[in-house]
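For reference, the structure discussed in these notes is given below.
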Protein chains: 2
Amino acid sequence: MTEQKKSGGRPRDAEAAGAIKSATLKLLREHGYAKVTIAAIANEANVARQTLYNRWNTKADLVLDAIFEETGHYAAAPTDDPNLTCQLQLERFLMQIFAHLSESGAPIRALIAAAQDDDAFRDVFKTKFVKPREKMVTDLLKRAQNKGEIAQGRDISMLSIFVHGAFWYALLGGDPVDDDLAKSIVGEVFHPAQT
Amino acid sequence: MTEQKKSGGRPRDAEAAGAIKSATLKLLREHGYAKVTIAAIANEANVARQTLYNRWNTKADLVLDAIFEETGHYAAAPTDDPNLTCQLQLERFLMQIFAHLSESGAPIRALIAAAQDDDAFRDVFKTKFVKPREKMVTDLLKRAQNKGEIAQGRDISMLSIFVHGAFWYALLGGDPVDDDLAKSIVGEVFHPAQT
DNA sequence: AGTGTTTGTAGACTGCGGTCTATCAATATA
DNA sequence: TATATTGATAGACCGCAGTCTACAAACACT
């Protein structure tokens, strides 16, 4: 499974990857996804354009990698804290994600866009980004159902889709993705008023 | 408010717009959004490239217009049929939309993508495409609430977001957008199991 | 007819993403 | 030291979206 180099060869510049990713994030924040050119990134990182393409296939790949590196920290799965209700845990988890999205929202939207006309990239994006978060929410909802915070008969996977769909919808539509949204989502998922 | 031409001038070719839109839809179906070039469309429509840019600003604008023309028919608001439950009405409405999406899903995904890095286009897309459907669903849900099919305390706007978010999420993720999804969504919205 | 205005056509041009090639630099192995 | 291999660099190159220019064509008004 591990990559096998046939023999020697010139080793990759150890600093290049980091420099490129930093340059990417910097320019991304300054100018936004659409206006950042590969040439500019290469230039900022003091590297040839081809060096960049040696490591990533497309602009989207690179940006995904750069964003993912810094975003990885935020995506820590919430450990089950028995002192808190699952509802509160989910609320906090969403708020945490949303807060980060309001920082990197624009580039992430650009990534979603890139995922639409590139099958390979969509797979990577789903695997690295979407699925893990989906699982965290689903697990949390299951715990809530086991503890009786959510009725037995409810469709957890559909609720999970509701949660994710709601913030994707807001994100893509350009609507605010903030604490209020998090509270509204969680409130409606956990406490649908009775008939 | 009405556009005022100062004087005469050569009139626009009456057939051009239609020919361009038809060519767009044809090539779109044959090759998909990414592979369709403006040049190819102009060629297929027997028109100069510039003529096309005289009428639409970008490729996305043109495609939106072309798709919207044929999709307009599908988006007829469901009139309130007192013989049917609102639940059934919503179910049928969604099925109708989903069936259409499975035809034009790919180009529409491309439009969503295009909307991400173009503010002006996003506004048009929201106004022409998103908002009308959002309103139809919201109205329907309100009727359901008035008739008692949905509990008074529930947040209609959030439910509407759930509905739309769910199918956007499925659409963008490449998951099937079919009758089953429609039923699951509607079922969970109308009949959350009681605690 | 003559003038002004708008559209259509053809083609050059710009900018960017991405590919490809030739050449040089840095490593391992013999 | 010689060879093979891999990475880095610079620059040419392609395709496409979108712009711009020059000119011809079709209208209204005088």
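Heavy-atom basis, side chains included; hydrogens, waters and symmetry copies ignored. Throughout, protein chains are lettered first and strands after them, A, B, ... in sequence-line order, and every chain is numbered starting at 1. Given the structure is predicted, the values throughout are model-derived calculations rather than measurements.
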Can you check whether [Y]'s main-chain N or O pairs, donor with acceptor, with [X]'s side chain at less than 3.5 Å?
X: B/Gln89; Y: B/Asp81; value: yes
X: B/Lys21; Y: B/Ile67; value: no
X: A/Lys128; Y: A/Phe68; value: no

Are OP1 or OP2 of [N] and a side-chain N or O of [X] less than 4.0 angstrom apart?
X: B/Thr51; N: C/dT9; result: yes
X: B/Arg55; N: C/dG8; result: yes
X: A/Asn54; N: D/dA8; result: yes

How do B/Arg49 and A/Ala39 order along DNA chain C: which one's closest nucleotide is nearer the 5' end?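 Going by which nucleotide is closer to the 5' end, it is B/Arg49.
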
Side chain B/Arg12 and base C/dG8 donor-acceptor under 3.5 Å: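 Such a pair does not exist between side chain and base.
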
Would you kindly give the [atom1]-to-[atom2] distance between [X] and [N], to the nearest whole Å?
X: B/Gln50; N: D/dA24; atom1: CD; atom2: P; answer: 18 Å
X: B/Leu27; N: D/dC16; atom1: CG; atom2: P; answer: 13 Å
X: A/Ile20; N: D/dG7; atom1: CD1; atom2: C1'; answer: 12 Å
X: B/Leu52; N: D/dC16; atom1: CG; atom2: C1'; answer: 14 Å
X: A/Phe121; N: C/dG17; atom1: CZ; atom2: C1'; answer: 15 Å
X: B/Asp13; N: C/dT9; atom1: CG; atom2: P; answer: 7 Å
X: B/Ile38; N: D/dT19; atom1: CD1; atom2: P; answer: 11 Å
X: B/Leu62; N: D/dC16; atom1: CG; atom2: P; answer: 16 Å

Enumerate all atom pairs, one protein N or O and one N or O from nucleotides 27-30 of chain C, separated by less than 3.5 Å.
{"unit_1": "C/dT27", "atom_1": "O2", "unit_2": "A/Gly9", "atom_2": "N", "d": "3.0"}

Examine A/Lys59 relative to A/Tyr53 and say whether NZ or CZ is less than 6.0 Å from the centre of the six-membered ring and inside a 45° cone about the ring axis.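 Checked: cation-pi criterion not met.
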
Does NZ or CZ of B/Arg133 come closer than 6.0 Å to the centre of the six-membered ring of B/Phe129, within 45° of the ring's axis?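 Geometry flag: set, cation within 6.0 Å and 45°.
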
Rounded to the nearest 0.5 Å, how far apart are CD of A/Glu44 and CD1 of A/Ile20?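 A/Glu44 CD to A/Ile20 CD1: 12.0 Å, rounded to 0.5 Å.
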
Inter-residue atom distance B/His191.NE2 - A/Asp155.CG, 0.5 Å rounding: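 So the gap between those two atoms works out to 14.0 Å.
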
From C-beta outward on A/Tyr53, which listed nucleotide comes closest to its side chain: C/dG18, D/dA10, C/dA10?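 Looking only at side-chain atoms, A/Tyr53 lies closest to C/dG18.
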
Considering only D/dT19, D/dG18, D/dA10, which nucleotide approaches the side chain of A/Ala48 most closely?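 Of the candidates, D/dA10 comes closest.
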
